[in-house]
Amino acid sequence: MHFIFDIDGTISFKGQPVSETILDCLHKLQCSGHVVGFASARPCRDMLPVLDNRFHRNLLIGANGAMTHFGGEPVAVNPIPEPLARDIIAIMDSYHASYLIDDEWNYAYNCADDHPFLMNVDALRLARRAELAELKHVVKLLVLSCDHFDELAKAIESLNVTIHYHSSEGILDITNQGVNKMAALRSYGIAPKEFTCFGNDMNDIPMFQEAATAVAIGSFSGLTPFATHRIETNEPDTERRIVAMLKELASASKEAPLSR
């Protein structure tokens with residue numbers, strides 16, 4: 001069975017690395033014959049610091065499905081077409097927005113160097129900050145702040161892009177039209193009903209709609225119609241419950257059960 005995990009708010013909390021407790025469970029999961037992959041809003045570069053070396057060569061679907069890595073190498077990318085990317089950047093500049101732009105590996109930003117979000121960007125110093133003109137492609141744009149956020153969002157919504165709004169952070173996440181985690185899974189060769197997924201937010205809905213089993217972490221109501229299981233995050237034993245759920249699902253699948 002393929003097990004696909006969102007990261008932030010699902011197995012990683014408050015921006016911290018995934019705990020050893022969960023990572024050790026995931027390692028046992030794949031040692032028992034299951035396939036473990038990760039699908040995150042983070043670009044693949046920024047998924048690495050919250051995992052450990054045991055998983056850096058696993059399937060990594062980043063930027064909400066706009067990039068896919070496996071074996072430590074990029075295998076697919078779905079950038080925003082260059083003319084459209086230029087239009088979006090022009091709109092963001094006209095609203096004096098602060099933003100971050102990712103290409104396949106490097107990044108550019110126009111916000112202050114001490115912006116809190118930058119703490120999550122390239123923590124391992126594997127890439128470099130580039131000038132906009134140096135970016136190979138625009139894979140993902142993040143609007144970090146804007147005095148007229150709603151007006152900006154409405155202007156961008158009229159374009160041929162995919163938008164996710166991260167309400168907890170007040171961030172607008174922009175990728176190419178049709179980009180989502182399920183589309184990336186399908187492109188990689190993982191078909192509907194061939195995987196179990198864990199997630200917590202709106203960007204996980206396409207996976208939840210197609211999964212054999214879907215575990216919602218937290219209370220985001222948009223996942224409720226598609227979730228087969230739910231684990232609340234306001235309990236002190238959230239990690240223990242996630243591990244227990246993994247063991248239960250692994251034991252029930254066709255592959256070898258997860259050792260206890």
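What you are looking at is a predicted structure, and each value in this text was computed from that prediction instead of being measured.
Applying the salt bridge (charged side-chain N to carboxylate O under 4.0 Å, His left out) rule to pairs touching residues 96-116 yields Arg45-Asp102, Asp113-Arg129, sequence neighbours excluded. Applying the ring-ring contact (aromatic ring centres under 6.0 Å, His included) test to residues at least two apart or on different chains, none of the pairs has a partner in residues 214-233. Applying the side-chain hydrogen bond (donor to acceptor under 3.5 Å, both in side chains) rule to pairs touching residues 141-157 yields Ser98-Ser145, sequence neighbours excluded.
At distances below 3.5 Å, at least one donor-acceptor pair connects side-chain atoms of Ser12 with backbone N or O atoms of Gln16. Side-chain N or O atoms of Ser158 include one that pairs as donor or acceptor with a backbone N or O of Ala155 at under 3.5 Å. Using modelled atom types, one side-chain atom of Asn110 and one backbone atom of Tyr99 make a donor-acceptor pair closer than 3.5 Å. Counting only distance, with no hydrogens or angles, the side chain of Ser187 and the backbone of Ala183 share no donor-acceptor pair below 3.5 Å. Using a distance-only test at 3.5 Å, with no hydrogens or angles considered, no donor-acceptor pair links the side chain of Lys181 to the main chain of Phe38. Between the side chain of His56 and the main chain of Leu48, a donor-acceptor pair closer than 3.5 Å is present. His115 places a side-chain N or O within donor-acceptor distance of the main-chain N or O of Phe117, the cut-off being under 3.5 Å. Here the side chain of Trp105 pairs no donor or acceptor atom with the backbone of Arg128 at under 3.5 angstrom. Judged purely by atom type and a 3.5 angstrom limit, Asn176 has no side-chain atom pairing as donor or acceptor with the backbone of Asn78. Of the possible polar contacts, none joining the Ser40 side chain to the Asp6 backbone as a donor-acceptor pair under 3.5 Å is found.
The distance between the ring centers of Tyr165 and Phe149 falls below 6.0 angstrom.
Hydrophobic clustering of Ile, Leu, Val, Met, Phe, Trp and Tyr side chains at less than 4.5 Å, counting indirect connections, unites Phe195 with Val75. In this structure, Met92 is a member of the same hydrophobic cluster as Val161, with clusters built from ILVMFWY side-chain heavy atoms closer than 4.5 Å. A continuous path of hydrophobic side-chain contacts links Leu152 to Ile89 [ILVMFWY only; heavy atoms under 4.5 Å].
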Inset, instruction - Give the intermediate values and the outcome of side-chain contact (heavy atoms from CB on, under 4.5 Å) for residues Val50 and Ile7. - result: CA-CA 8 Å; Val50 295; Ile7 295 180; 3.8 Å; yes
Inset, instruction - Could you check Leu223 against Ile205 for side-chain contact (heavy atoms from CB on, under 4.5 Å), going step by step and ending with a plain yes or no? - result: CA-CA 6 Å; Leu223 293 178; Ile205 290 176; 3.7 Å; yes
Inset, instruction - Show your working on side-chain contact (heavy atoms from CB on, under 4.5 Å) between Leu142 and Leu172 and close with a plain yes or no. - result: CA-CA 6 Å; Leu142 286 179; Leu172 201 66; over 6 Å; no
Inset, instruction - Could you walk me through whether Asp24 and Arg54 pass the side-chain contact (heavy atoms from CB on, under 4.5 Å) test, one step at a time? - result: CA-CA 10 Å; Asp24 286 346; Arg54 291 174 290 181; 3.1 Å; yes
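Side-chain N/O atoms of Asp173 and Asn64 include a donor and acceptor closer than 3.5 Å. Thr224 and Arg230 share a donor-acceptor pair across their side chains, judged by distance under 3.5 Å alone. Using modelled atom types, one finds no donor on one side chain facing an acceptor on the other under 3.5 Å when comparing Gln177 with Thr162.
Within the 4.5 Å cutoff, no side-chain heavy atoms of Val143 are placed close to those of Ile171. Between Ile217 and Thr233 the shortest side-chain heavy-atom distance falls below 4.5 Å. Looking at Ile91 and Leu159, their side chains come closer than 4.5 Å, going by heavy atoms from C-beta outward. With a 4.5 Å cut-off on side-chain heavy atoms, Asp8 and Arg42 count as touching. Side-chain atoms of Leu59 and His69, non-hydrogen and from C-beta on, never get closer than 4.5 Å to each other.
Residue Arg57 places its CZ atom among 12 or fewer non-hydrogen atoms of other residues, nucleotides or ligands, all under 6.0 Å distant.
Ring-plane geometry between His27 and Phe55 is classed as perpendicular, the angle between the planes exceeding 60 degrees on a 0 to 90 degree scale with a lower cut at 30. Aromatic ring pairs are classed by plane angle as parallel below 30°, tilted from 30° to 60° and perpendicular above 60°; the pair Phe5 and Phe198 is tilted.
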